[in-house]
Amino acid sequence: MLREFSAGGVLVRVVRGRPMVAAIRPQGKRDTWALPKGNIDEGETPAETAVREVREETGVEGRLVEKLGDVKYVYTRRGGERVFKVVSFFLLRAGRGRLGEIDEAMRVEVAEARWLPLEEAPRLLSYGGEREMAAKAWEKMQA
Ligand code: ATP
């Protein structure tokens, strides 16, 4: 089976004591809320990819806190090829930048970006593995 490796971020910002997480709605998918992520480029560490993809897809700079875990799934490409994919997720603290202020070129991939309450993200995110990452991040923010 084909394999793909990506990395992404649970980008957290605390507003009046309430942790919020950046979620994106991928272009062409109605009602899907996902975490920002993308393909690991050559020469890049997964943590570097996570910070870069978060910046590109949300407009916000993230500071690495720690790794949260790996999300694994199998999907079928157009044409029928099956792909086994591993996405490493990292907890990031939001720094400079405004959510949604992204390059015009990125709008091909990202329809919308929003801050969601991290506590509710395990329910609001669309994919099981990403929900688990949000739940982990919530636990770490409570510690
Ligand atoms: P990347 O953001 O890593 O560049 P991509 O946009 O090319 O990736 P994916 O987001 O992996 O591709 O989407 C490929 C397929 O897998 C889509 O059908 C998508 O709905 C599905 N998918 C994405 N994330 C998950 C997940 N966490 N669990 C299950 N299926 C997923």
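Just so you know, ligand 1 is whichever comes first in the structure, and atom 1 is the first atom listed for that ligand.
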Inset, instruction - Please examine the side chains of Ile40 and Phe5, heavy atoms only from C-beta on, and report whether any two atoms are closer than 4.5 Å. - result: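 The answer is yes; the side chains approach within 4.5 Å.
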Inset, instruction - Consider ligand 1: state whether an atom of it lies below 4.0 angstrom from any non-hydrogen atom of Glu109. - result: no
Inset, instruction - Could you establish whether Gly38 and ligand 1 come within less than 4.0 Å of each other, counting only heavy atoms on the residue side? - result: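 Yes, that is the case, since the closest heavy atom of the residue is under 4.0 Å from the ligand.
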Give the atoms of ligand 1, by number and element, whose distance to some non-hydrogen atom of [X] is under 4.0 Å.
X: Val71; value: 27 (N)
X: Lys29; value: 17 (C), 18 (O), 19 (C), 20 (O)
X: Lys85; value: 1 (P), 3 (O), 5 (P), 8 (O), 9 (P), 11 (O), 12 (O)

Inset, instruction - Measure the distance from atom 3 (O) of ligand 1 to every protein heavy atom, then report the residue, atom name and distance (to 0.1 Å) of the closest one. - result: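 Result: Ser6 OG, 2.6 Å.
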[atom2] on [Y] to [atom1] on [X], rounded to 0.5 Å:
X: Leu116; Y: Leu35; atom1: CG; atom2: CG; value: 9.0 Å
X: Glu44; Y: Glu53; atom1: CD; atom2: CD; value: 7.5 Å
X: Phe84; Y: Tyr75; atom1: CZ; atom2: OH; value: 12.5 Å

Legend entry - From the candidates Glu130, Met133, Lys37, Glu53, the one that places a heavy atom nearest atom 9 (P) of ligand 1: Lys37
Inset, instruction - Compare Tyr127, Phe89, Tyr73 and give the one whose heavy atom is closest to atom 11 (O) of ligand 1. - result: Tyr73
Inset, instruction - For ligand 1, indicate whether the residue Thr32 contacts it via side chain, backbone, both or neither (heavy-atom separation under 4.0 Å). - result: neither
Inset, instruction - State plainly whether the residues Glu48 and Arg52 are in salt-bridge range, i.e. N to O under 4.0 Å. - result: no
Inset, instruction - May I ask you to decide whether Arg18 forms a salt bridge with Glu120, counting only side-chain N to carboxylate O separations under 4.0 Å? - result: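 Salt bridge: yes.
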Legend entry - Exercise check, heavy-atom protein proximity under 4.0 Å to atom 13 (O) of ligand 1: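 For atom 13 (O) of ligand 1 the answer is no, since every protein heavy atom stays at 4.0 Å or beyond.
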Inset, instruction - Ignoring angles and geometry beyond distance, decide whether Glu57 reaches within less than 3.5 Å of ligand 1 through its nitrogen or oxygen atoms. - result: no
Legend entry - salt bridge (charged side-chain N to carboxylate O under 4.0 Å, His left out) partner of Glu61, chosen from Arg13, Arg55, Arg96: Arg55
Inset, instruction - Spell out, as yes or no, whether a donor-acceptor pair under 3.5 Å connects the side chain of Arg131 to the backbone of Leu125. - result: yes
